[in-house]
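The structure appears right after this line, and notes come after that.
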Amino acid sequence: MWGFVATVVLTTLLAGSQGMGMTRMNVPYLLGTMVTPNRNQAKLIGVFLHFINGWLFSFIYVAAFQLIGRSTWWFGGLIGLVHGSFVLAVALPALPALHPRMANEQYGPTVARQLEPPGFLGLHYGIRTPISVLGAHTIFGVILGAFYVVK
Amino acid sequence: MPAEVTKIQDYAIIGNGRSAALISKRGSLDWLCWPRFDSPSLFGAVLDSKRGGYWSIHPVHDSEASRRYIENTNILETTFVGVSGQIVLTDFMAVTSEENKRRALWPEHELVRQIRCEQGKMEVVVEFSPRLDYGRVAPNIRDAGKFGWRIDTGASVLILRGDIGLEPTPDGLAARFVLKSGESVAFTFSFSAEAPAVVPPLGSAIDEKLNLAIDWWRSWTAQSTYRGPYQRQVTRSALVLKLLSYAPSGTIIAAPTTSLPECIGGGLNWDYRFAWLRDASFTVHGLFGLGYKDDAAAFVDWLLHATRLTRPKLRVVYDVFGESPPHEYVLSHLAGHRESLPVRVGNAASEQMQLDVYGELVEAVSHFFGKTEKLDRDVHGMLHGIGEHVCEHWREYDNGIWEERDELRPYTHSRLMCWVALDRLLQMHARGQVRRLDVVQCAAERENIRKEIEQRAWNPQLAGYTQACGSDIMDATVLLFPYHGFESAASQRMQETYARVRERLVPRRGLVYRYEQSKERHEGAFAVCSFWEVDFLTRGGKPAEAHEVFEAALGYANDVDLFAEEIEPDTGEALGNFPQAFTHLGVINAALALRDRAKTTR
């Protein structure tokens, strides 16, 4: 349940930071275009995929809480920070290799109707992208840490 | 030893859709920025022959040089003919399809230089003298034995390999050797940001790479559906645009250089290695008109992505990934091209206000999506926002298309493009592509802009449309009224305006100044304006005159059909950054207008 809530907040924060002009990164669009090139459908499918991702990652957080025998907001936040850093430093730069519609920085001169690569720390999607990703994932962890009860 | 000082028109360009190099008529590579167009230079002799760095390959003894691109490619061949023989220097960056790249390891960037002796024998000298970070760093070039020569820059590694040995010199590396008929020598220079670096092979692999590059460029050129006048120049212009496009994002930069002067010895030196929204509608029109739909689609995707952060407000200029270019600063250690100072990096135009960009964007989107394609929610939202923004702000003063830095003015061209933005939005609404538009407000403001231009930009004493409302200065942008559908080229007012343009802005057939201030500033004629004149004459039903102007203008291209931004009217010398996308878009769009005119009158 808290995984769902935390994912709702995470998705909302990322969408909000896009709306506020902090980043161009639209996570549902990024994920949805792995499945379809249709922009509108991609966003819908992407929201669904992001929720699945959020739930799956919640299990990792829960496993960490169970391992140390307690869950606190700050420990959840710390895992979120590590999670966000991993997304920025490893997952996003590796995305062009996994994403069927994303160019990489060695792409060219052939052009195709492709998505731009995120680059290191997602900086190609706006210089404040790292702030929005780190902030959203930290809050994701804080929610899970604060509300999950270790059994 | 310093590099030879070379005039702008004596350069040619090679590239790979992510970076570009300039090579002089005497075989000197004098400009290269890796990994991106806007990265600091590795060779920069074009901006300082002593400190910039260069890589020259040429005969030791006197020779005549001529050059050409291999047909329908961006592979440059320079032929040196001397008393003892003839050699051909082939320069290119390795390119191939993404499928081929997945089959073998390719360096992130690779530049190949091959020298082949075709007749007799010739002694050749090679001088490799890179200077990193815009000439600030003389790099440590390490001998890696069979793996060539390595330069570690910290974040990346550069590898030079060659068929013959090079010797270290105080400036870098050098070699001197004799080539006999039938013999050839090749060098490969590569960039890798990731370790382990890919070490490119030599021998038969060089010929394979040359063939792959020829195949790739020819298959791209073959996509063109253009069959019409000036085919050779239109094809070359398309190939230049392709070299200036940044494939990972789809954008097209204005030019691959910085600070090539608009006036030799003067200070009009700017960094053009970024993408200007000013070029957007011409770009989509040109690419679409030639049949390069994938390239046009990639460019529009970039437009939509790049403008995302600031909508509805738009910036004037963006970097290849849609960020604001770095703040402008001066490289005071460089002497400048033929002592034209300062050398600037970054671009302050990013902080300017130019109202014409709204019309450019809406026109590009409208042209791209055509009359029937449905717009998605994102595009829809953007168009709504722009419509409201234009209605609210079109009366403001701005810096105008020419990015004047002295004061803001009510530029006619800015108002024209605001009219274009609202006009195209209303057309898209009428076709059912844009819904929920405030049609009453947009139509009213469109009419207000028309009245403003017709009443305040028209100068009755002068009998012509002028640069700004209430001005008496002529500006070549008034030639674009018919192109954008604002007023017919055959109208009395446009004919009178054209007569004023001819009187005040045309120093000789085929050349047009962008505005009257050009003469005081000692800048050249603005090359794209010549092609706007061709377009104007074509739309005005004077194709014969249009052809005359077109041919005169094409006469100012260099020996391989490349144009800079400007042309010095007395000497015909190229001025400004080189080669220039805006000028080559002008060539393409004027040729398309002539072709379309011929089709309709057939």
Side-chain angles (χ1 to χ4, degrees), chain A residues 15-30 32-33 36-44 46-47 90 92-97 99-132, chain B residues 15-19 35-36 74 93 95-101 106-109 192-194 213 216-217 219-220 242-243 245-251 292-302 304-311 313 319-324 374-380:
Chain A
S17 57
Q18 191 204 0
M20 281 156 48
M22 275 185 78
T23 175
R24 282 186 292 267
M25 188 169 72
N26 181 330
V27 179
Y29 179 59
L30 197 68
T33 45
T36 172
N38 181 301
R39 207 178 266 263
N40 290 338
Q41 280 176 13
K43 286 177 189 167
L44 202 63
V47 168
V90 181
L92 282 177
L95 203 57
H99 199 301
R101 293 184 178 83
M102 184 173 281
N104 61 48
E105 286 178 63
Q106 285 78 52
Y107 206 88
T110 308
V111 296
R113 209 165 174 188
Q114 294 270 12
L115 300 174
E116 288 184 343
F120 181 62
L121 303 182
L123 288 170
H124 293 341
Y125 297 160
I127 51 169
R128 286 176 291 180
T129 301
I131 299 168
S132 106
Chain B
N16 60 4
R18 285 173 287 136
S19 63
R36 267 170 38 174
N74 276 314
M93 284 202 203
V95 295
T96 190
S97 66
E98 295 306 309
E99 290 75 31
N100 283 343
K101 281 199 217 164
W106 282 58
E108 286 161 53
H109 294 271
S192 296
E194 287 165 347
W216 193 90
W217 286 115
S219 68
W220 185 81
K242 188 64 184 160
L243 278 185
S245 68
Y246 185 73
S249 65
T251 189
Y292 291 112
K293 292 195 176 144
D294 284 345
D295 293 83
F299 179 73
V300 171
D301 275 354
W302 174 84
L304 298 175
H305 181 76
T307 53
R308 186 76 185 76
L309 285 185
T310 56
R311 289 177 197 163
K313 209 170 163 189
D319 79 1
V320 292
F321 279 113
E323 285 304 307
S324 192
K374 261 182 89 176
L375 307 182
D376 64 45
R377 272 194 290 272
D378 188 41
V379 179
H380 209 260

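From a predicted model like this one, the values you see are computed outputs, not experimental measurements. Throughout, a chain's letter reflects where its sequence line sits, starting with A, and its residues are numbered from 1.
- Neither the backbone nor the side chain of S219(B) comes within contact range of chain A; no heavy atom of the residue lies under 4.5 Å from a heavy atom of that chain.
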**Report entry** side-chain contact (heavy atoms from CB on, under 4.5 Å) between W220(B) and T110(A), worked out
**Finding:** CA-CA 8 Å; W220(B) 185 81; T110(A) 308; over 6 Å; no

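- Only the backbone of L123(A) comes within contact range of chain B, with heavy atoms under 4.5 Å apart.
- The side-chain heavy atoms of Y125(A) and H305(B), taken from C-beta on, include a pair separated by under 4.5 Å.
- Proximity to chain A (any heavy atom under 4.5 Å) is shown, for V379(B), by neither the backbone nor the side chain.
- Listed for the R308(B) side chain is no donor-acceptor partner under 3.5 Å among the backbone atoms of T23(A).
- Using a 4.5 Å cut-off between heavy atoms, S245(B) does not touch chain A at all.
- Proximity to chain A (any heavy atom under 4.5 Å) is restricted, for W216(B), to the side chain, taken from C-beta onward.
- Between the CZ atom of R24(A) and the OG1 atom of T310(B) there is a distance of 9.0 Å, given to the nearest 0.5 Å.
- Only the backbone of A306(B) has a heavy atom closer than 4.5 Å to any heavy atom of chain A.
- Of the listed residues (P117(A), A103(A), P96(A)), the greatest number of heavy-atom pairs within a distance under 4.5 Å of chain B belongs to P117(A).
- Put simply, CG on N104(A) and CD on E98(B) are 6.5 Å apart, with the number rounded to the nearest 0.5 Å.
- Ranked by heavy-atom pairs under 4.5 Å with chain B, the first of K43(A), E116(A), M22(A), M102(A) is E116(A).
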